[in-house]
There are 2 protein chains.
Amino acid sequence: MHKLGTLQAGPCSAAERRKDIWVTASSRRRIPEATVARLPLYYRALMETGERQVATISSERLAELAGVNAAKVRKDLSYLGSYGTRGVGYDVEYLLHEISRELGLTRDWPVAIVGIGNLGRALANYRGFGARGFRVEVLIDADPALVGHQIGDLSVVSIDDLDRVVREHNIAIGILATPAGAAQEVADRLVAAGVTSILNFAPAVCSVPEGVSMRKVDLAIELQILSFYQLRRGTGGTAPPRERTG
Amino acid sequence: MHKLGTLQAGPCSAAERRKDIWVTASSRRRIPEATVARLPLYYRALMETGERQVATISSERLAELAGVNAAKVRKDLSYLGSYGTRGVGYDVEYLLHEISRELGLTRDWPVAIVGIGNLGRALANYRGFGARGFRVEVLIDADPALVGHQIGDLSVVSIDDLDRVVREHNIAIGILATPAGAAQEVADRLVAAGVTSILNFAPAVCSVPEGVSMRKVDLAIELQILSFYQLRRGTGGTAPPRERTG
DNA sequence: GCCTGTGAACCTTTTCACAGCA
DNA sequence: TGCTGTGAAAAGGTTCACAGGC
């Protein structure tokens, strides 16, 4: 069993962290994980703002659009560099450019989805990935009855060919939508084929070696967390911890 | 526009937080958010262990199964109470019972899904919600062509009837799977109909009043975060921050 | 001897508050 | 005057290390 090498939605181990490695593309400063997780929010907010032909934006306005607070926006953006103008705000186009560069959205990332069940199919059809450079190019499933099936303009490939197709398409990011039982094995095979980022929807603990990142999305867990707070509200408590949503 | 009242996956505002409210069901201590987010992991690990007729489990073993470290497990469980036995470990059945009580999994939560597109349909068909008390009872969509459509054993209801059906079914938890543009309006209507927990899949900032919790799952954002670290690995960096995955 | 429970140390993240510059 | 950029303070979360009970 593997031990290390995954990225979590939450904060990570401090002791195990290698410092001074995660610097900006221009090698200036290290960007905290919490900040990285918010950059996509700013990106989206700026895209919407840019479409409205607005030239500059204040940290306050950006905060509102991204669903965070202004202090956070300023701190976060300061990690990228001093891109704002005091007394004025941030240039929308320029900031958008810098953030998309940091996030690697200026290039294309070919993506593979493994597990073409309900969820896998939904993800395969999801417009919104493609939008920002994430092109789903490969669909893989273990069920022979599904192999060859057409979904959108892709045809489902057998898991026996995983290694080959992943290499052929130069897949760097894999989406795992298999049942829990298959998750670890599929993750191992993806990594063996050269995948170094995995988005895991399978409701299972699953680990990858160092040098590979993995993020987990677990729908049942999200509901259980809501249930916790729901329960307390229902039984006489008040509101849960809060902040505007991003 | 609303301002407050949402729960985030990440840590929340401290200044805005009401302390001493989130105590255990037995009103003993406050449970930190980070701990609440891990309880479902322990729950799942214990369920799997319990099925194998194991009577007790050590923090180390539980940590391994949940994908966290042993110190965290002990700290987390200590917030619930002193349910372990020194020198021995935790009684699987008892701990399972306590955690499911804390998480509100001993009762049923009727759930409504709004937005029956690709994702909404996948969620509607997803077995694994039902498993732990989350029963999808209502499917809602704005598209007249979809209304009346049968999915599983449910029939899609018009958004015009949202208020009525949500009240009739006593829905407390709503799942938002609409396009971004509709998210805020639908959230408002859900809240107005009495929903106090929302799981939001729409790629949009969306806020709810105090007393309502909201968690966000954004697929595009997850990919963008992976892309950030992927980019740095590709350009000569080393592994990203790490911890075994939960 | 073994494993839990927990204060204390440490690290990360958030927030505050204001200096500094257009 | 207005808004950014950033040290410093505060809060939250994680890890350590060991006392304490089985």
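Just so we're on the same page: letters track the sequence lines, and every chain starts at 1. Computed from heavy atoms alone, side chains included, the values below leave out hydrogens, waters and symmetry copies.
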Interatomic distance, B/Leu77 CG vs C/dG5 P [rounded to whole Å]: 7 Å
Spacing between A/Asp91 atom CG and D/dT4 atom P, to the nearest angstrom: 13 Å
Minimum-distance nucleotide to B/Ser82 side chain [options: C/dG5, D/dG13, D/dT4]: C/dG5
Distance in angstrom units between A/Glu33 CD and D/dG13 P, rounded: 15 Å
Side-chain N,O (B/Tyr79) to OP1/OP2 (D/dT14) below 4.0 Å: no
Value rounded to 0.5 Å, distance of OG1 in B/Thr56 from CZ in B/Arg61: 11.5 Å
Between A/Gln230 and B/Thr196: side-chain donor-acceptor atoms closer than 3.5 Å: yes
Proximity to the side chain of B/Arg38 - top-ranked nucleotide from D/dT4, C/dT13, D/dT14: D/dT14
Distance test, side-chain N/O of A/Tyr90 to OP1/OP2 of D/dG5, below 4.0 Å: yes
Nearest-nucleotide comparison on DNA chain C, the residue closer to the 5′ end among B/Ile57 and A/Thr35: B/Ile57
Nearest-Å distance for atom pair OH/P, residues B/Tyr42 and C/dT4: 13 Å
Phosphate OP1/OP2 of C/dA22 contacted by A/Thr85 side-chain N/O (<4.0 Å): no
Closest nucleotide among D/dG13, C/dT15, D/dA19 to the B/Pro32 side chain: D/dG13
is_close_aromatic(B/Tyr90, B/Tyr83), centroid dist under 6.0 Å: no
For atom CZ of A/Arg86 and atom P of D/dC3, their distance in whole Å: 14 Å
Which nucleotide in C/dC21, D/dT15, D/dG13 has an atom nearest any side-chain atom of B/Ala71: D/dT15
Nearest listed nucleotide, side chain of A/Ser78, among D/dT4, D/dT6, C/dT13: D/dT6
B/Ser59-B/Arg74 side chain donor-acceptor pair, cut-off 3.5 Å: yes
First of A/Val88 and B/Arg74 reached from the 5' end of DNA chain C, by closest nucleotide: B/Arg74
Distance test, side-chain N/O of B/Ser59 to OP1/OP2 of C/dC3, below 4.0 Å: no
Pairing of B/Glu48 and B/Arg52 as salt bridge, 4.0 angstrom limit: no
Axial cation check for B/Phe228 ring with B/Arg232, 6.0 Å and 45° limits: yes
Length of the CG-C1' vector between B/Leu62 and C/dT4, whole Å: 13 Å
Spacing of B/Lys72 atom NZ relative to C/dC11 atom P, expressed in whole Å: 16 Å
Distance below 4.0 Å between B/Asn69 side-chain N/O and D/dT14 OP1 or OP2: no
Candidate nucleotides C/dT6, D/dT4, C/dT4, ranked by approach to the side chain of B/Lys75 - the nearest: C/dT6
B/Ile31 CD1 to D/dG12 C1', straight-line distance once rounded to whole Å: 16 Å
